[in-house]
Structures are given as C-alpha cells and as structure tokens.
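Heads up: the structure comes next, in structure tokens.
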Protein chains: 2
Amino acid sequence: MIPFHVGGSILVRLRREGTQAVTIADVARLAGVSTATVSRALSASAALRPETLALVEAAVARTGYMPNVAARTLRGRRSMVVLVVVPDIANPFFSGVLRGLEDELSQHGYGLLIGDIGPHNEKQAQIVGVVQAGQVDGVVLLNGHIPRKAGRDLTALGIPIVAVCEPIEKATFPQVEVRNHEAARQAGAHLAALGHRHVAYLGGPARNILERQRQAGFREGLAEAGCELQPGWIFLGDFTMASGALAARSFVMAVPRPTAVFAANDEMAIGFLKTIQAAGLRVPDDVSLIGFDGIEFADFVEPTLTTFRQPREALGRMGAGLLLRAMAGETIAPEEARVRLDAVLLDRDSTAAAPAPKALSR
Amino acid sequence: MIPFHVGGSILVRLRREGTQAVTIADVARLAGVSTATVSRALSASAALRPETLALVEAAVARTGYMPNVAARTLRGRRSMVVLVVVPDIANPFFSGVLRGLEDELSQHGYGLLIGDIGPHNEKQAQIVGVVQAGQVDGVVLLNGHIPRKAGRDLTALGIPIVAVCEPIEKATFPQVEVRNHEAARQAGAHLAALGHRHVAYLGGPARNILERQRQAGFREGLAEAGCELQPGWIFLGDFTMASGALAARSFVMAVPRPTAVFAANDEMAIGFLKTIQAAGLRVPDDVSLIGFDGIEFADFVEPTLTTFRQPREALGRMGAGLLLRAMAGETIAPEEARVRLDAVLLDRDSTAAAPAPKALSR
DNA sequence: CTGAAAGCGCTTACAG
DNA sequence: CTGAAAGCGCTTACAG
C-alpha cells in the first residue's frame with residue numbers, strides 16, 4: 001500500500017505538468033450562467049432556453065470540459081458502471097459475451113468493470129466490496145455463483161443483478177442461458193444416429209451447473225437411442241485444454257475403446273483431440289468427437305471440430321437489456337426473467353459413422 | 001441515455017431493498033471518535049493510540065463499513081484505478097499480460113479499468129475522456145498508439161503512462177517490450193540453418209510496430225545466412241487466424257513454393273497451418289512454420305507449432321512496476337525507461353530440415 | 001427558465 | 001494523538 005503522502009505528490013505533478021482540470025465553475029463563468037445551468041445543459045434533464053444552451057455548449061467546447069466522474073457519482077448516487085464477474089478472462093469464449101454486453105450497455109452510457117474471479121475464492125469478497133463501495137450500479141454474473149463476503153451474499157445489497165451463461169439455480173434475478181440440456185441431448189442423438197454405441201463423455205467440474213446440464217442432456221440423448229453412458233467412460237476435467245489432454249491419456253488405454261466422445265467445451269475437446277492423435281488414433285475414423293461453444297480455434301484444428309455454437313453476443317446483449325431495465329427500477333416479470341437461447345450444432349469433420357465392429361480390434 | 005430522473009428511482013430501490021449504506025459517520029459514532037480518526041485508522045496515514053485503533057476496528061467490523069469510492073476519489077484526488085488500453089481483448093495473448101499487470105497493481109491497492117480499443121478509432125477519444133474525467137491515476141498502453149482526442153493527445157494531460165508490448169517510437173514515457181528484432185532474426189537464422197533457402201514471411205499490418213520490427217529482424221537473420229526475403233513471398237495480414245488462412249490460399253499457388261514460413265504471430269500461423277494442410281501440404285515435411293507469441297493453442301495444433309514464447313506475465317509486471325513508480329511521483333531515468341525482455345524460441349514439431357531440392361517438384 | 005445553496009462521503013491541513 | 005471544519009466537483013430540490 002502506497003502511503004498517502006505520496007498521493008500528495010501525485011497531485012502536485014498532475015497540477016504542475018498537466019493542464020489544470022477544468023471544472024463546471026469555469027464553464028459557468030465563461031458562459032455567464034450558474035453551475036446549475038451548466039449541469040442541466042449537460043444532462044438534458046431540464047428545459048433550457050436554446051440561447052442558454054448554446055452559450056453553455058460553446059463554453060464546454062472552448063474549455064474541453066469533462067465532468068468529474070467521482071463528483072458526479074458521489075452526488076448523483078449512481079456510477080454509470082456495471083460490474084461483470086468473469087470466471088476466467090483467458091477463456092476466449094467470454095470475449096464474445098463481453099462484446100455483447102459492452103455494445104448494449106455503452107449505448108446507454110454505462111461502462112464495464114471486469115472482475116476476473118479466477119480460481120481464487122478470496123476474490124468473491126472483493127466483488128462484494130466493490131458493490132458496497134458504491135462503485136457500480138448493477139452486476140452481471142458469468143460465473144455461476146453469487147459472490148459472498150463474511151456470510152452475506154450480493155443479493156442482500158439490493159443491487160440489480162443478472163446471470164448470463166451459467167445459470168444460478170435458486171436465484172430470483174433474471175437469467176440468460178443457452179439450452180444446454182437440449183443441445184447436449186442432440187449431441188447424444190447425433191452420435192447414436194451415426195451408429196456409435198460405445199460413447200464417452202468429457203465433462204467439467206462435477207458441481208458446475210453447465211457440467212450437470214450437459215451431462216444430463218447427453219445421457220438423455222443416448223438413452224433415447226437405447227444407448228447408455230457407462231460410468232468408466234466419464235472423464236471430468238476443468239474446461240482447460242490441459243485437462244482434455246489428461247483425459248485423453250486414460251482414454252487411449254481403455255479396452256474396449258469408445259468410438260465417440262462428447263466434450264462439454266471446445267478447449268477440452270481440442271486438448272483431447274491433439275493427444276489422442278499423438279497416440280496414433282485418427283479422428284473421425286477411429287474416434288468421433290463433439291465439442292461445445294464454437295470458439296474460433298475449433299475451426300482451425302485438424303479435423304475441424306464438430307461443436308455447438310453458442311450465440312455469445314446475443315447472450316451478452318440480452319443480459320445487458322434485462323439489467324438495464326432492472327437498473328431503471330423496472331420489475332422484471334418471472335416469465336421474462338428466464339431467457340433461453342439455442343446452441344446450434346455445427347456439423348464439421350470430427351464426427352463420422354462408427355467404424356465397423358471389427359475395426360475396434362484392428 | 002437514461003434520463004436522470006430514472007436515477008432517482010434507483011436510489012429509492014437501493015435504500016429500500018438493500019441495507020442503508022454505512023458511512024464513516026456511523027462508524028465514528030459507534031466508536032466514539034471523530035470521522036477524522038476513523039479515516040486515519042483506515043488509511044494508516046497517522047499514528048493512533050492502539051486503543052483508539054482497536055475501537056475503530058471493532059466498529060468497522062460490527063458495521064461492515066466500506067468506504068465510498070467516489071467520495072474518497074473526489075476528496076483524495078486519486079482513484080486508485082489504472083486504465084489499460086488493449087487493442088483486442090479477444091486475443092488470448094493479452095490475458096497473460098493483463099494477469100501480470102493485475103498481480104502487481106492489485107498488490108499496491110490499484111484496480112484495473114480495461115479499455116478495449118478495438119478497430120474503431122472513435123474509442124480513442126473515449127480513452128482520453130476517461131482520463132480527463134479523473135477516473136484513473138495512470139495508463140498502460142498495450143496498443144502501440146497514444147490515444148488522441150480533438151487534436152490533443154494523452155501525454156498533454158500530465159498523467160503517468162507506460163507502454164507495454166507494442167512500443168511507441170517517439171514517446172518519452174517508460175516502455176517494456178520484447179526483443180522482437182532479435183527473436184525474428186533468430187527465426188531467420190534457424191530456418192536458414194535447417195537448409196531453407198526459399199522462405200516466406202507472414203506479417204501484420206504494414207504500419208504496426210511489431211510488424212516492422214519482426215520483418216526487419218527476420219530479413220537480417222536470413223541475410224546473415226546469405227538468404228533473401230523475396231518481395232513476392234511477403235504476405236501481410238492483421239494478426240487474426242482468418243488472415244493467416246487467406247495468406248495460405250495464395251501461398252499454396254506459388255511456383256516455386258517456399259519451403260518455410262515465419263509468421264509474425266501464432267494466430268496467423270495457426271490459420272495458415274490449417275489451410276495449407278487442407279490443401280494437401282504436410283508440415284513440416286513440405287513446409288516448415290514458425291509462429292510468435294507462444295499462446296497455449298500453439299501447443300495443441302498438429303504438429304505443435306515452433307514459436308517464440310513471450311514472457312507475458314513479466315511484461316505486465318514490469319510495466320506495472322514502472323507505472324507505480326511514476327504514479328508515486330518518481331522520475332524514471334532514461335536508462336531505466338526502456339525495458340527489453342527476451343522471447344525464447346520453442347523448437348517444436350512444425351519445423352524441420354528443408355526437403356531435398358527435387359522434393360519441390362514431387 | 002434560471003440561480004443560490006445544500007449536501008453527497010470522504011480526507012486533510014490546522015489547531016490544540 | 002485527536003477533533004472541528006473546510007472543501008473536493010458535482011446535482012437537485014427549492015424559490016422565484
């Protein structure tokens with residue numbers, strides 16, 4: 001922690017080197033009006049005489065005035081900033097969702113504060129702290145959990161919240177998600193229709209909601225085709241390529257070996273793909289593989305990865321829309337509060353008909 | 001823009017539903033001291049009697065008090081936030097740099113505000129506006145440009161700035177970069193040593209500083225081995241996989257075809273790799289390929305990509321260290337203001353000895 | 001339609 | 001070592 005007297009020297013530097021910051025008083029003086037009038041001109045919050053408005057606008061232009069955000073936030077009790085809680089900023093999946101959020105929110109004057117919660121639990125308290133400190137007007141949770149601090153969770157603070165991507169089961173705030181169960185069911189049906197009977201599943205952490213939805217859906221799709229997901233053929237990773245690679249090392253030893261695999265995300269699928277290929281297996285000739293998410297890299301591995309494209313930007317945009325309404329004081333009706341979008345199967349080159357039975361012993 | 005009267009209703013909601021925010025006055029009352037004493041206890045900016053300190057700490061714990069950030073920023077003239085300007089948040093390369101920045105800065109109590117400048121120039125003005133509005137105490141530029149607004153650039157505001165990754169040539173503020181020229185020279189030498197004489201280059205946008213450094217270094221490395229980069233074998237993309245794929249389509253038509261390619265980043269290399277493989281070329285048997293950056297995906301393509309690993313976290317951490325010193329009012333001596341780190345060659349499977357001459361006509 | 005004045009929640013000289 | 005008071009730069013009832 002930098003001692004505060006050092007802060008004093010920053011002030012000196014800023015004042016010395018930079019231009020002295022223009023305040024609303026400077027603008028008012030130049031325009032020959034009160035600061036109240038300048039404020040009204042800037043916020044368009046009250047009707048002003050066109051001549052007065054012009055006077056203020058000219059003074060703003062001449063001075064290059066920018067309102068001080070801290071003062072505005074303190075007085076106005078709103079920061080015009082939204083906190084986005086991300087589980088892992090390094091996962092390229094989230095950049096699309098962030099873009100959707102940013103597009104929609106910035107159109108309404110809001111900025112984004114990104115909180116990368118990572119694997120560390122201590123960050124949870126930081127998140128709550130940011131809200132308690134009055135830094136944000138709303139929160140978007142992409143992480144599937146309600147952050148808590150010292151026993152109390154975020155919902156107790158009365159700030160508008162929405163969850164996007166990873167739904168939170170018992171929560172009452174609006175949520176936007178993809179039809180994970182449906183898509184995974186389709187993955188099962190698709191593999192079964194290709195003749196696969198020995199099928200494996202590569203999932204995420206056991207308690208993760210996406211993992212639970214996708215595994216359940218996949219099982220259902222297989223079951224409907226008279227197929228069963230055998231316990232020994234379930235590998236759980238952590239959504240990273242490394243964990244996909246790890247699962248692959250067990251997979252290649254399996255006897256008999258499954259002829260198809262559904263991975264709960266693309267990164268694990270890509271780690272898995274590379275590793276079984278290195279072990280001499282061919283995709284899709286020996287093993288069919290389906291991923292989930294539709295990240296750009298899935299299109300640049302060999303073979304291209306069959307996967308489900310999530311409508312990433314739309315997820316972000318719809319989440320932002322709901323949050324904007326909540327921040328405007330609107331109550332979201334329960335039937336509107338749960339938005340579900342489709343994930344679309346991209347049928348590419350990593351899936352094919354199951355090899356003939358004898359191929360298994362080749 | 002949401003009209004401000006709506007803001008009023010937010011206030012009402014927060015006050016009604018949430019807990020009334022605890023202020024420093026509440027804590028002072030409970031502890032039986034003045035607000036000044038509470039403030040001093042929290043900032044450790046002055047010596048307090050241990051008993052007084054304990055009183056305040058107990059009151060803070062009882063109330064769950066969190067200082068209001070806007071008030072603190074307004075009064076203290078420092079926001080404890082650093083703005084990081086990123087050219088493209090979707091590029092996984094930056095997440096490592098951001099992590100390094102975040103580690104170092106958060107240890108000193110600073111938060112990060114990420115400005116994704118993207119391809120749009122209008123965002124430049126927004127960046128300057130954030131600084132003018134007093135929202136941040138320092139700026140880290142990862143984008144290779146000094147943002148400007150209405151003719152004036154960021155340096156005119158007297159705020160501490162550092163550049164990381166993409167150096168800015170005429171700038172006088174501290175910069176942290178990788179030895180791009182050296183690494184690229186090594187790429188040229190490496191390919192030449194493997195016997196490659198027909199070599200192509202896949203670069204970034206012509207005016208980009210990394211592109212210029214890497215192309216120049218590569219030429220030098222080739223030249224030292226008596227090799228020349230022919231004009232027809234220079235492809236310029238935009239650092240995306242799609243542009244690498246596009247370049248590959250020209251590449252496969254070339255007669256005679258180069259036997260080796262150096263790409264100025266991994267994403268282009270991966271787009272290129274996939275596309276020439278799809279056209280029937282084998283890597284490294286027909287074509288050797290070197291990338292740059294060392295992103296994680298480079299390890300999961302087939303074959304694994306020979307590339308240069310950038311010390312991403314170190315870049316971020318060193319940039320943060322310099323910025324912290326500048327924000328503390330220190331003047332950075334010129335000899336310290338230009339930090340250069342090594343990029344390390346990861347010699348993996350996408351490079352091999354040049355095929356025998358007749359192989360070209362096979 | 002516009003202004004004077006209060007006040008948002010802090011920090012920090014200034015006193016003692 | 002601690003307190004009373006000023007003031008950071010805005011917005012917004014309240015008046016007129």
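Keep in mind that what you see is a predicted model, and the values were worked out from it rather than measured.
For the OP1/OP2 pair of C:dT11 and a distance below 4.0 Å, the side-chain nitrogens and oxygens of B:Arg77 include no atom meeting the criterion. Look at A:Thr37 and you'll find a side-chain N or O under 4.0 angstrom from OP1 or OP2 of C:dG3.
One P atom belongs to D:dG9, the other to D:dA13, and the distance between them is 23 Å to the nearest Å. Nucleotides D:dT12 and D:dG16 place their C1' atoms 16 Å apart, quoted to the nearest Å.
The side chain of B:Arg75 lies closest to D:dG7 when the candidates are D:dG7, C:dA6, D:dG3. Listed nucleotides D:dT12, D:dC8, C:dC1 differ in distance to B:Leu74; the shortest reach to its side chain belongs to D:dC8. Checking C:dA5, D:dC10, D:dG3 against the side-chain heavy atoms of A:Tyr65 singles out D:dC10 as nearest. For B:Thr52, the listed nucleotide lying nearest its side chain is D:dT2; candidates were C:dC10, D:dT2, D:dC1. Distances from the side chain of A:Ala36 to the nucleotides C:dC1, D:dT2, C:dA5 place C:dA5 closest.
Rounded to a whole Å, the CG atom of B:Asp26 is 12 Å from the P atom of C:dC8. Separating the CG atom of A:Asn68 from the P atom of C:dC10 is a distance of 16 Å, rounded to the nearest angstrom. A:Arg29 places its CZ atom 12 Å from the P atom of D:dG9, with the value rounded to the nearest Å. The distance between atom CZ of A:Arg78 and atom C1' of D:dT12, rounded to the nearest whole Å, is 14 Å. Remark: C1' of C:dG9 and CD of A:Gln135 are 14 Å apart, rounded to the nearest angstrom. Between B:Met80 atom CE and C:dT11 atom P there is a gap of 12 Å when expressed in whole angstrom units. Distance CD1 (B:Ile24) to C1' (D:dG3): 13 Å, rounded to an integer number of Å. Here the C1' atom of nucleotide D:dC1 and the CG atom of B:Leu53 are 12 Å apart, to the nearest Å.
DNA chain D is contacted by both B:Val33 and A:Val38; B:Val33 maps to the nucleotide lying nearer its 5′ end (nearest heavy atom per residue). The nearest heavy atom of DNA chain C to A:Leu48 and to A:Thr35 marks one nucleotide each, and the one closer to the 5' end goes with A:Leu48. Nearer to the 5' terminus of DNA chain C, by closest-nucleotide assignment, is the contact made by B:Met66 (compared with the other of B:Met66 and B:Arg40).
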request  = Give the C-alpha distance, both sets of side-chain angles, the deciding distance and a yes or no for side-chain contact (heavy atoms from CB on, under 4.5 Å) between A:Val140 and A:Val85.
outcome  = CA-CA 6 Å; A:Val140 179; A:Val85 182; over 6 Å; no

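Each of B:Glu330, B:His108, B:Gln107 was checked for a side-chain contact (heavy atoms from CB on, under 4.5 Å) with B:Leu324, and the lone residue meeting it is B:His108.
Side-chain atoms of A:Gln126 and A:Lys149 include no donor-acceptor pair closer than 3.5 Å. A:Thr63 and A:Asp26 share no side-chain donor-acceptor pair at under 3.5 Å.
Around the CZ atom of A:Arg338, the shell of radius 6.0 Å holds more than 12 heavy atoms that belong to other residues, nucleotides or ligands.
Looking at A:Arg62 and A:Leu30, their side chains come closer than 4.5 Å, going by heavy atoms from C-beta outward.
Using N1 to N3 plus N6-O4 or O6-N4 for Watson-Crick, or N1-O2 and O6-N3 for G-U wobble, each under 3.5 Å, C:dG3 pairs with D:dC14.
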